[in-house]
Amino acid sequence: MSDFDEDEVVKADSETEYDEQESEVGHDEEGIPEQDYQIEPCPLNQDMVAKCLSLLCHTGNSLSHAYVRLDLNSKGLTDLVLLSSFIHLRYIDISSNHLSDLSPLAGLTHLLWVKGDSNLIQQFEGQWFDQLGFLQWLSLASNRLCDVKGLKATALETLNLIGNGIQTMHGLECNNLTNLVTLELRGNCLETTDGIYLPNLRHLHLAKNNIKRLEGLERLEQLNTLNLRDNQLESLDGINSSLKCLQYLNIRGNLISSQRALQALFSVEKSLSVLVVLDNPLAKTDDYRLYLISHLSQLERLDKDPITADEKSEAQEKLKEFEDESALDQEDN
């Protein structure tokens with residue numbers, strides 16, 4: 001990024017509505033954008049572009065200036081062909097239009113930031129994101145994507161795919177997304193976590209899918225945040241010691257009904273500091289909180305409440321009782 005001012009990236013990012021931090025310990029509200037296509041479709045023209053340009057900056061050679069930000073939100077656009085000549089653009093908001101083809105952006109090689117929510121994008125293949133060597137932030141929430149095949153953007157750090165129809169992550173190649181840190185997949189149709197092989201990923205948001213199985217998580221060794229709220233998990237099998245950096249886990253609103261279903265958490269006992277278990281059948285039992293505190297020594301917050309010193313003492317007193325119950329349960333099964 002030697003040709004670009006990093007402060008501009010921060011400025012553009014801070015002005016967006018998208019925020020990877022959610023309210024409950026930073027990751028608990030599940031707002032999914034809705035599509036709205038009430039605006040009459042129209043072609044992009046020069047006058048429209050001229051009115052929507054902003055942020056005057058030096059060009060790459062620092063010898064001249066150009067407008068580098070373009071806001072075309074809710075213009076009824078059906079194509080972006082005209083944009084191919086605006087080669088200095090770095091930030092584009094093309095949300096809430098009628099766009100099905102983003103390939104005209106391929107020539108805008110200075111792009112850092114693209115927001116294309118609420119359009120008609122059906123696939124990544126043929127969109128030519130691999131031509132955008134500086135692209136760091138991409139949001140295609142509320143489009144019509146069913147898979148992630150063909151996605152390649154080696155500089156990308158944040159990818160927002162909330163509210164699509166993605167059914168599988170197969171076809172996602174780690175060498176095509178080597179710098180991806182945050183992946184937003186809330187509100188899709190996934191039934192498994194299999195296929196998410198991104199070794200540098202730190203924040204993975206999978207709330208409001210149909211996930212029944214946790215698979216392939218051992219590949220996510222740098223993962224810090226895992227949000228699995230409102231899925232269909234009956235156990236946490238698949239969470240293992242390879243997740244050595246996992247600090248935040250949200251499993252609220254699943255089908256966890258027994259202490260035994262939580263035992264996979266013991267493998268991340270050394271790192272896990274925040275756990276959300278609310279709205280599972282297990283959370284209605286009396287001792288689930290003490291059970292978890294007794295086995296997860298680094299836990300600082302459980303559900304909405306910080307863990308107190310008194311709770312830690314009480315949990316340690318009951319540890320032997322919990323271990324005996326667990327042993328009996330294993331014998332019965």
Side-chain angles (χ1 to χ4, degrees), residues 1 3-20 33 35 44 48-49 52-55 57 60 66-145 148-164 166 172 176-185 205:
M1 278 185 50
D3 290 339
F4 305 117
D5 185 347
E6 292 184 359
D7 290 339
E8 294 167 9
V9 180
V10 175
K11 177 180 177 183
D13 208 357
S14 66
E15 292 173 359
T16 70
E17 295 179 0
Y18 169 74
D19 184 349
E20 72 177 49
Q35 291 176 316
L44 182 62
M48 188 183 299
V49 173
C52 296
L53 285 168
S54 62
L55 192 58
C57 295
Y67 288 105
V68 300
R69 182 159 188 159
L70 181 62
D71 183 356
L72 293 171
N73 184 292
S74 302
K75 302 297 184 185
L77 299 177
T78 54
D79 72 77
L80 298 173
V81 175
L82 186 64
L83 290 186
S84 59
S85 60
F86 290 83
I87 60 173
H88 296 296
L89 287 173
R90 302 178 194 174
Y91 316 111
I92 292 183
D93 185 350
I94 46 176
S95 302
S96 302
N97 285 289
H98 303 265
L99 300 169
S100 58
D101 180 16
L102 301 184
S103 61
L105 300 182
L108 310 184
T109 55
H110 291 182
L111 277 175
L112 303 171
W113 186 97
V114 174
K115 185 175 183 181
D117 301 347
S118 300
N119 278 289
L120 307 174
I121 309 300
Q122 297 185 26
Q123 59 185 17
F124 283 105
E125 291 181 331
Q127 302 296 344
W128 302 106
F129 287 114
D130 58 327
Q131 303 293 315
L132 306 178
F134 294 107
L135 186 66
Q136 297 175 20
W137 192 94
L138 174 63
S139 182
L140 293 177
S142 297
N143 275 271
R144 299 184 177 182
L145 295 164
V148 291
K149 294 177 181 178
L151 175 57
K152 182 177 182 180
T154 54
L156 198 64
E157 296 179 2
T158 298
L159 175 61
N160 178 7
L161 300 176
I162 291 175
N164 279 276
I166 297 172
L172 189 70
N176 291 339
L177 294 165
T178 51
N179 287 304
L180 197 67
V181 172
T182 300
L183 178 57
E184 271 280 12
L185 288 166
H205 301 278

Heavy-atom distance under 4.5 Å between the side chains of [X] and [Y], does that happen here?
X	Y	answer
Asn176	Phe124	no
Leu70	Leu83	yes
Val148	Leu161	yes
Leu44	Val49	yes
Met48	Leu77	yes
Tyr91	Val68	yes

Nearest atoms (heavy-atom pairs only) where [X] meets [Y]:
X	Y	answer
Thr109	Gln131	CG2-O, 3.8 Å
Leu156	Trp137	CD1-N, 3.6 Å
Leu172	Leu151	CD1-CD2, 4.4 Å
Lys75	Cys52	CE-SG, 3.8 Å
Ile94	Asn119	O-ND2, 3.0 Å
Leu108	Ile87	CD2-CA, 3.9 Å

Does the [X] side chain pair with the main chain of [Y], one donor and one acceptor, at a distance under 3.5 Å?
X	Y	value
Asn143	Gly116	yes
Asp79	Val81	yes
Asn179	Thr154	yes
Asn164	Ile166	no
Gln122	Arg144	no

Give the intermediate values and the outcome of side-chain contact (heavy atoms from CB on, under 4.5 Å) for residues Leu183 and Leu177. CA-CA 11 Å; Leu183 178 57; Leu177 294 165; over 6 Å; no
Exercise: do Asp117 and Ser142 side chains pair donor with acceptor under 3.5 Å: no
After noting the C-alpha distance and the side-chain angles of Trp128 and Leu105, does the key distance pass the side-chain contact (heavy atoms from CB on, under 4.5 Å) rule? CA-CA 8 Å; Trp128 302 106; Leu105 300 182; over 6 Å; no
Over 60° means perpendicular and under 30° means parallel, so classify the ring planes of His88 and His110, tilted if in between.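 Correct class here is tilted.
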For Trp113 and Arg69: C-alpha separation, side-chain torsions, deciding distance, then whether side-chain contact (heavy atoms from CB on, under 4.5 Å) applies. CA-CA 9 Å; Trp113 186 97; Arg69 182 159 188 159; 4.0 Å; yes
From Asp71 CG over to Lys115 NZ, what is the distance, rounded to the nearest 0.5 angstrom? 9.0 Å
